Visitor: 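Structure provided below as structure tokens; questions to follow.
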Amino acid sequence: MRPDIQLPCPFLMRWSEAFIPTLREAPADAEAVSHSLLVRGGFIRQLVAGSYTMLPLGQRVRLKVERIIREEMDAIGGQELILPTLHPAEVWKKSGRYDLMGDNLFKLKDRKGTDMVLGMTEEEIFAMLALELFSYRQLPQIWYQMHTKFRDEPRPKSGLLRVREFTMKDSYTLDIDLPGLDTGFEKHRGAYRRIFARMGLRAVDVEASSGAMGGSESVEFVQRSDAGEDWIVSCDNCGYRANLEKAVSAVPAIDDGPSGELERYPTPGLRTIKALAEAHPEIAAPERQIKTLVYYVDGEAVLATVRGDHELHPQKLADATGAGTVRPGRPEEIRDLLGADPGSLGAVGVEGLRIIADPSLRGRVNMTTGANTDDWHFKGVSVERDIAVTEWADLRSVEGGDPCVRCGQPLEMWKGIEVGHIFKLGTQYSEAFGVYVQDEAGVSHPIIMGSYGIGVERGMAAVVEANHDEAGISWPVSVAPYEVVITVVRADDAETMAAASMLYDDLGAAGLEVLIDDRDERPGVKFADAELIGVPYRVTVGPKGVAAGVVEMTTRRGLVTEEVTLSEVRTRLVSLITGQRGGV
RNA sequence: CGGGCUGUGGCGCAGUUUGGUAGCGCGCGUGCUUUGGGAGCACGAGGUCGUCGGUUCAAGUCCGACCAGCCCGACCA
């Protein structure tokens with residue numbers, strides 16, 4: 001914790017004067033726990049789908065998350081700046097992402113009719129800024145900002161987890177060579193681990209697909225949660241972890257026997273892998289079939305083939321082909337292309353189309369596949385003899401329980417929230433914008449970029465997903481809106497109130513962030529609200545205790561209460577809280 | 001974009017089937033009582049029933065169009 005960077009909001013607050021609109025009932029439209037609790041606790045309010053107001057409590061949490069991010073970014077040598085979020089569309093057209101991002105990009109026109117966009121990430125703008133660099137001696141650089149990003153998401157959902165307007169910490173590394181990029185990437189991996197741990201998350205890094213961001217390698221940070229939207233595959237034994245989009249597993253070999261003759265045979269009415277397998281179990285068990293799928297990648301028809309008992313992962317096909325958009329072919333398109341309906345498709349003898357095959361088909365013989373004539377299949381197919389495979393690429397979607405590629409132990413599959421993502425971009429943006437620097441020998445090189453993002457509000461929501469119970473949120477001290485809430489059991493009792501006020505001043509003087517619940521409410525209301533908003537420590541001051549010189553101290557996590565003398569509370573709280581402020 | 005659901009005081013909902021003076025709980029205001037786990041009584045404020053159009057003597061209710069929100073599938077921090 002850096003004492004010189006303080007929250008730009010007061011350390012002390014009287015609940016009676018604060019704007020903390022808690023709700024007794026959960027909003028009907030909130031599905032995710034974090035959504036419900038953040039609304040109920042008076043942290044956020046929705047304006048329209050995917051656009052939220054940060055109420056005072058929410059803003060305090062957000063500022064604390066930002067402070068943690070800022071400290072760790074500064075610690076790896078990051079320099080904070082702030083770039084515009086209103087961009088000329090021209091810039092996005094220059095990088096090619098104006099079309100690639102499609103409808104996700106917010107587009108508008110200014111009064112002169114110039115096409116503008118709202119930034120959804122800022123590789124282009126940082127690359128343009130990097131035009132100011134000329135020499136390897138100015139590198140490396142780590143630049144970052146925390147700024148609003150706009151994405152016209154097709155489906156905003158789950159409160160802060162998926163929105164259209166949000167704060168992103170985005171950073172960019174600028175290097176002269178690949179080892180430099182690796183160094184910057186690993187620095188970010190370390191910083192991200194510390195950031196998420198300090199926020200109270202147990203986010204882990206997993207191998208990921210780079211998608212529309214491009215680049216050679218990317219790692220996602222994922223917090224395990226059923227509210228998440230990403231499927232993660234992991235191995236407890238060796239630590240292998242990957243997003244399902246990227247995950248691979250070992251595939252046990254199949255004994256096909258000796259190679260046989262290719263032969264067409266009638267299969268009336270058999271249109272599914274399962275039906276064919278049941279009708280011809282001796283030759284067409286699912287793992288002995290070839291599944292042929294027609295996909296359009298950036299508008300071009302391709303055949304994608306996987307084993308009959310395997311599922312294709314569309315993102316893998318996109319990654320393998322470098323395509324921006326991938327969609328399954330429509331039945332009429334497929335018939336025009338291959339002359340048969342889905343259920344009788346195959347790649348045997350097909351020419352003039354890209355045929356992309358999953359490696360699990362390599363070397364396989366005696367297989368069965370559709371003959372591109374309805375109600376006919378081929379048997380005795382030798383993949384490499386009978387199919388003109390143009391590319392081999394991992395297309396198969398891993399399933400839970402598959403053996404790990406590294407160690408063979410069964411893989412686990414779980415859902416998680418993507419709280420951060422780091423990318424090795426390479427030179428695509430520097431080349432698009434002409435960002436070159438000279439090396440020692442005076443030779444010009446495009447700057448090698450990396451790009452690194454954290455969704456601030458999504459991070460807040462993930463913290464709630466990971467830190468709550470039936471009563472409400474349980475913030476880690478590091479990001480809690482307040483550190484202590486003093487619950488005055490009888491605000492109308494002069495002595496109780498006097499003791500509570502004294503404690504309030506005292507704790508404030510000790511540098512703690514204190515909220516005093518001085519409202520004229522019944523104790524039950526105050527306890528419930530304190531638990532709902534998740535302040536880590538509660539000090540209950542009541543008439544009986546004050547008379548005896550004691551108060552109760554309740555730890556939010558686990559709701560454990562102990563009696564402490566009035567003279568001891570301050571010391572206890574200071575040592576408990578200062579020890580946790582920096583996060584884990 | 002495809003599929004499902006929902007729009008009625010700040011929040012949660014009933015009323016719509018069968019058209020006829022807009023209701024309930026919570027919350028809010030005032031007063032009295034109460035006060036260690038979401039109090040009681042009394043009085044009170046607050047609603048163009050998502051929008052527009054149509055049918056009708058009469059529309060929250062019937063018809064049409066549109067808009068918005070939520071959930072499930074294809075994208076991302």
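Worth saying up front: this structure is predicted, and the values here are computed from it rather than measured. Residue numbers start from 1 in every chain, and the chains themselves are labelled A, B, ... in the order their sequence lines are given, proteins ahead of strands. Basis for what follows: all heavy atoms, side chains included, without hydrogens, waters or symmetry-related copies.
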Visitor: Which heavy atom in M13(A) sits nearest to a heavy atom in A18(A), and how many Å separate them?
Guide: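 Minimum heavy-atom contact is CG-CB, 3.7 Å.
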Visitor: Determine which nucleotide pairs with G38(B), using a 3.5 Å limit on both distances of a Watson-Crick or G-U wobble pair.
Guide: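 Answer to the pairing question: none, since G38(B) forms no Watson-Crick or G-U pair.
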Visitor: Who passes side chain to side chain donor-acceptor pair (under 3.5 Å) against S16(A), sequence neighbours left out?
Guide: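 Result, side chain to side chain donor-acceptor pair (under 3.5 Å) vs S16(A): D518(A).
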Visitor: Could you give the side-chain donor-acceptor pairs of residues 47-55 of chain A under 3.5 Å, partners two or more places apart or in another chain?
Guide:
unit_1 : atom_1 : unit_2  : atom_2 : d
S51(A) : OG     : E165(A) : OE1    : 3.2
Y52(A) : OH     : H35(A)  : NE2    : 3.3
Y52(A) : OH     : Q46(A)  : NE2    : 3.3

Visitor: Do R354(A) and Y295(A) have side-chain N/O donor and acceptor atoms under 3.5 Å apart?
Guide: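 Short answer, no.
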Visitor: Looking at RNA chain B, which of residues 518-529 of chain A put a heavy atom within less than 4.0 Å of it?
Guide: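 R522(A), P523(A), G524(A), V525(A), F527(A), A528(A), D529(A), in order of number.
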Visitor: Listed in order of residue number, which residues of residues 76-85 of chain A have a non-hydrogen atom at under 4.0 Å from RNA chain B?
Guide: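 Listed by number, there are none.
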Visitor: For nucleotides 3-8 of chain B, give me one character per nucleotide, 5' to 3': B if any protein heavy atom sits under 4.0 Å from the base, S if the only such contacts are to the sugar-phosphate, - if neither.
Guide: ------
Visitor: Looking only at atom P, what distance separates A45(B) and U30(B), rounded to whole Å?
Guide: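 Rounded to whole Å, the distance is 15 Å.
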Visitor: Could you give the distance from CD1 (I473(A)) to CE (M460(A)), rounded to the nearest 0.5 Å?
Guide: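 Result: 8.5 Å between the selected atoms.
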Visitor: Rounded to the nearest Å, what distance is computed from the CG atom of residue D517(A) to the P atom of nucleotide G36(B)?
Guide: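 Between P of G36(B) and CG of D517(A): 15 Å.
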Visitor: Would you list the atom pairs, donor with acceptor, under 3.5 Å between side chains in residues 452-459 of chain A and any protein atom, with sequence neighbours excluded?
Guide:
unit_1  : atom_1 : unit_2  : atom_2 : d
Y452(A) : OH     : T173(A) : OG1    : 2.7
E457(A) : OE1    : T167(A) : N      : 2.7
E457(A) : OE2    : R62(A)  : NE     : 3.1
E457(A) : OE2    : T167(A) : N      : 3.4
E457(A) : OE2    : T167(A) : OG1    : 2.5
R458(A) : NE     : L161(A) : O      : 2.8
R458(A) : NH1    : E418(A) : O      : 2.9
R458(A) : NH2    : L161(A) : O      : 3.1

Visitor: Suppose you measure atom C1' in G2(B) against the same atom in A74(B); what distance do you get, rounded to whole Å?
Guide: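 Result for the C1' pair: 10 Å, nearest Å.
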Visitor: Could you give the side-chain donor-acceptor pairs of residues 524-552 of chain A under 3.5 Å, partners two or more places apart or in another chain?
Guide:
unit_1  : atom_1 : unit_2  : atom_2 : d
K526(A) : NZ     : V488(A) : O      : 2.7
K526(A) : NZ     : D517(A) : O      : 3.0
K526(A) : NZ     : R519(A) : O      : 2.7
D529(A) : OD1    : T22(A)  : OG1    : 3.1
D529(A) : OD2    : R519(A) : NH1    : 3.2
D529(A) : OD2    : R519(A) : NH2    : 3.1
E531(A) : OE2    : R538(A) : NH1    : 2.9
Y537(A) : OH     : Q580(A) : NE2    : 2.7
R538(A) : NE     : T540(A) : OG1    : 3.2

Visitor: Measuring only the P atom in each nucleotide, how far is C26(B) from C71(B)? A whole number of Å is fine.
Guide: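 One P to the other, the span is 29 Å.
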Visitor: Please confirm whether the shortest side-chain N or O distance from R24(A) to OP1 or OP2 of C11(B) is below 4.0 Å.
Guide: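 No.
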Visitor: With H421(A) as reference, evaluate S451(A), S210(A), S218(A) under the side chain to side chain donor-acceptor pair (under 3.5 Å) test and give the passing residue.
Guide: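 Considering S451(A), S210(A), S218(A), a side chain to side chain donor-acceptor pair (under 3.5 Å) with H421(A) is found only for S218(A).
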Visitor: Provide the distance between the two P atoms, one in G40(B) and one in G25(B), to the nearest whole Å.
Guide: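 Going atom to atom, P in each nucleotide, I get 11 Å.
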Visitor: When you measure only distances, ignoring hydrogens and angles, does the side chain of E531(A) come within 3.5 Å of the base of G38(B) through a donor and an acceptor?
Guide: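 A donor-acceptor contact between them is absent.
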Visitor: Any strand counts, and the cut-off is 3.5 Å on both contacts for Watson-Crick or G-U wobble. Which nucleotide pairs with A59(B)?
Guide: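 Answer to the pairing question: none, since A59(B) forms no Watson-Crick or G-U pair.
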Visitor: Ignoring the backbone of F423(A), work out which of A77(B), C76(B), C26(B) is nearest its side chain.
Guide: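 The listed nucleotide nearest to F423(A)'s side chain is A77(B).
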Visitor: With a 3.5 Å distance limit and no angle check, can you tell me whether D493(A) reaches the backbone of T496(A) through a side-chain donor-acceptor pair?
Guide: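 Yes; at least one donor-acceptor contact below 3.5 Å.
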Visitor: What distance, rounded to whole Å, do you find between the two P atoms, one in C41(B) and one in U34(B)?
Guide: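 Result for the P pair: 15 Å, nearest Å.
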Visitor: Is E80(A) salt-bridged to R70(A), going by a charged N under 4.0 Å from an acidic O?
Guide: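 Salt bridge present between E80(A) and R70(A).
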Visitor: Which base, if any, makes a Watson-Crick or G-U wobble pair with G12(B), both distances under 3.5 Å?
Guide: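 Checking every strand shown, G12(B) finds its partner in C24(B), with both distances under 3.5 Å.
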Visitor: Considering only heavy atoms and no angle criterion, is a donor-acceptor pair shorter than 3.5 Å present between the side chain of N104(A) and the base of C76(B)?
Guide: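 Between C76(B) and N104(A), which were checked side chain against base, a qualifying N/O pair under 3.5 Å is absent.
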Visitor: Describe the nucleic acid contact of V456(A) in one word from base, sugar-phosphate, nothing, applying a heavy-atom distance below 4.0 Å.
Guide: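 Result for V456(A) = nothing.
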Visitor: By ring-ring contact (aromatic ring centres under 6.0 Å, His included), which residues pair with Y172(A), not counting sequence neighbours?
Guide: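 Partners of Y172(A) under the ring-ring contact (aromatic ring centres under 6.0 Å, His included) test: F126(A).
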Visitor: With the threshold set at 4.0 Å, does a side-chain nitrogen-carboxylate oxygen contact exist between E72(A) and R194(A)?
Guide: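 Judged by the 4.0 Å cut-off on N to carboxylate O distance, E72(A) and R194(A) do form a salt bridge.
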Visitor: Rounding to an integer number of angstrom, what distance separates A14(B) and G23(B) when you compare their C1' atoms?
Guide: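 Those two atoms are separated by 7 Å.
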Visitor: Quick check: any donor-acceptor pair below 3.5 Å linking the side-chain of R162(A) to the base of A77(B)?
Guide: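 Such a pair does not exist between side chain and base.
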Visitor: Report the base-pairing partner of G29(B) (Watson-Crick or G-U wobble, both distances below 3.5 angstrom), or none.
Guide: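 Looking at the geometry, G29(B) pairs with C43(B).
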Visitor: Using the test ring-ring contact (aromatic ring centres under 6.0 Å, His included), find all partners of Y504(A) that sit at least two apart in sequence or belong to another chain.
Guide: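 Per chain and number, Y504(A) pairs via ring-ring contact (aromatic ring centres under 6.0 Å, His included) with no residue.
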Visitor: Taking the nucleotide of RNA chain B with the nearest heavy atom to each, does E245(A) or D492(A) sit closer to the 5' end?
Guide: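 With E245(A) and D492(A) compared, the 5'-side residue is D492(A).
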Visitor: If you look only at pairs with a residue in residues 316-329 of chain A, which of them pass as a salt bridge (Lys or Arg N to Asp or Glu O under 4.0 Å), with sequence neighbours excluded?
Guide: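 Of all non-adjacent pairs touching residues 316-329 of chain A, those that pass salt bridge (Lys or Arg N to Asp or Glu O under 4.0 Å) are K316(A)-D394(A), R327(A)-E333(A).
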Visitor: Could you list the residues that satisfy side chain to side chain donor-acceptor pair (under 3.5 Å) with H87(A), not counting sequence neighbours?
Guide: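 With neighbours one apart ignored, the set is W92(A), E122(A).
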Visitor: Side chain of Q315(A): nearest nucleotide among U35(B), G69(B), C75(B)?
Guide: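 Of all the options, the side chain of Q315(A) is nearest to C75(B).
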Visitor: Any protein N or O atoms within reach of nucleotides 42-49 of chain B? Criterion: under 3.5 Å, listing atom names and distances.
Guide:
none

Visitor: What interatomic distance, in whole Å, is found between C1' of G27(B) and the corresponding atom of G9(B)?
Guide: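 Each nucleotide's C1' atom is 11 Å from the other's.
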Visitor: So, do F43(A) and W475(A) have ring centers that fall under 6.0 Å from each other?
Guide: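 For F43(A) and W475(A), the ring centres are under 6.0 Å apart.
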Visitor: Over all strands shown, is R45(A) touching base, sugar-phosphate only, or nothing at heavy-atom distances under 4.0 angstrom?
Guide: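 No contact.
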Visitor: What about R155(A): does its side chain form a donor-acceptor pair under 3.5 Å with the base of C1(B)?
Guide: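 When only heavy-atom distances are counted, R155(A) does not reach the base of C1(B) through any donor-acceptor pair under 3.5 Å.
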Visitor: C72(B), C11(B), G36(B): which one has an atom nearest the side-chain heavy atoms of L23(A)?
Guide: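 Closest nucleotide among those given: C11(B).
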Visitor: Hunt down the Watson-Crick or G-U wobble partner of A74(B), both distances under 3.5 Å, from any strand shown, or write none.
Guide: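 Base-paired to nothing in any strand shown.
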Visitor: Mind checking the P distance from C32(B) to A68(B)? Whole angstroms is fine.
Guide: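 These two P atoms come out 50 Å apart once rounded.
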